[in-house]
Amino acid sequence: MPELVPVLSQDEINAKVAAVAEQITADYRGSELVLIGILKGAFVFLADLIRRIRLDSLKVDFLRAASYGNEDRSSGEIRLTQSLEIDIARKDVLIVEDIVDSGLTLTFLLKYLNSFKPKSVKICAMIDKYERRKADIRVDYACHTVKEGFLIGYGLDYAENYRNLPGIYHLKF
Ligand code: IMP
Ligand code: MG
């Protein structure tokens, strides 16, 4: 059995998500914001985040990105298995990700989203994991930053398991 080492408790997550939501509310006051959740991993984080953002114009859409390759890292060969439904032209877009690792997934998604000519595109991630970053990606809003390690829980999976855990753990193989 792999070992689960606690990284963030449910209470710590709540406090961090609230702080980021407050910052987003302040930064986007008066704008038309479209949050784009990246499935599957971001669904738990997005559900908590949207309920704490106080804006008059806030829409939600989803993209689903799948990466070929092994289960613990992105190959950089990304394909979209679900595309956008909302028109994001001239809108402020905020991508909501579970975790940013190499940044290859986001590089691909930024290119796709920019093709619709949004007014702005920024990135919000539950976890910014920076040690293996390969692409020039800056996370604009990160709830938590880690150097390394494979994390699970709160939407994050290992081979599709553990998404249901309310806290975030480091999975030690
Ligand atoms: P990137 O393209 O390397 O930035 O990888 C991003 C995607 O890889 C994330 O959206 C996750 O689906 C997955 N991923 C990367 N690191 C982890 C991790 O520590 N736990 C779970 N999934 C991860
Ligand atoms: Mg993901």
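Order of appearance sets the numbers: ligands from 1, and atoms from 1 within every ligand.
The part of D157 lying near ligand 1 is the backbone, judged by heavy-atom distances below 4.0 Å. When non-hydrogen atoms are compared, ligand 1 lies under 4.0 Å from the side chain of E97 (C-beta onward) but not from its backbone. Counting heavy atoms closer than 4.0 Å to ligand 1, residue D101 contributes atoms from both its backbone and its side chain.
Below 3.5 Å of separation, one finds no N or O of I152 facing any N or O of ligand 1. Between L151 and ligand 1, an N or O atom pair is found at a separation short of 3.5 Å. Distances between N or O atoms of R132 and those of ligand 1 include no value under 3.5 Å.
Within the 4.0 Å heavy-atom cutoff, G103 counts among the residues contacting ligand 1.
For ligand 1, the atoms closer than 4.0 angstrom to any heavy atom of T105 are 1 (P), 2 (O), 5 (O), 6 (C). For ligand 1, the atoms sitting less than 4.0 Å from at least one non-hydrogen atom of G149 are 19 (O), numbered in the order shown with element in parentheses. Contact atoms of ligand 1 toward S102: 1 (P), 2 (O), 3 (O), 4 (O) (distance under 4.0 Å to a heavy atom of the residue).
For the atom pair CG (D98) and CG (L151), the distance works out to 10.0 Å, reported to the nearest 0.5 Å. Atoms CD1 and CG, on I99 and L156 in that order, are 5.5 Å from each other to the nearest 0.5 Å.
Salt bridge K40/E160: present, at least one basic N to carboxylate O contact under 4.0 Å.
In Q82, the CD atom is crowded: over 12 heavy atoms of neighbouring residues, nucleotides or ligands sit closer than 6.0 Å.
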Sequence neighbours left out, cut at 3.5 Å: what donor-acceptor pairs do the side chains of residues 47-60 make with other protein atoms?
unit_1: D48; atom_1: OD1; unit_2: R51; atom_2: NH2; d: 3.1
unit_1: D48; atom_1: OD2; unit_2: Y154; atom_2: OH; d: 2.6
unit_1: R51; atom_1: NE; unit_2: A47; atom_2: O; d: 2.8
unit_1: R51; atom_1: NH2; unit_2: A47; atom_2: O; d: 3.4
unit_1: R54; atom_1: NH1; unit_2: R51; atom_2: O; d: 3.3

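Here side chain to side chain donor-acceptor pair (under 3.5 Å) pairs that include residues 106-127, with residues two or more places apart or in two chains, are D92-S120.
Below 30°, between 30° and 60°, or above 60°: for Y158 and F150 the angle between ring planes is above 60°, a perpendicular geometry.
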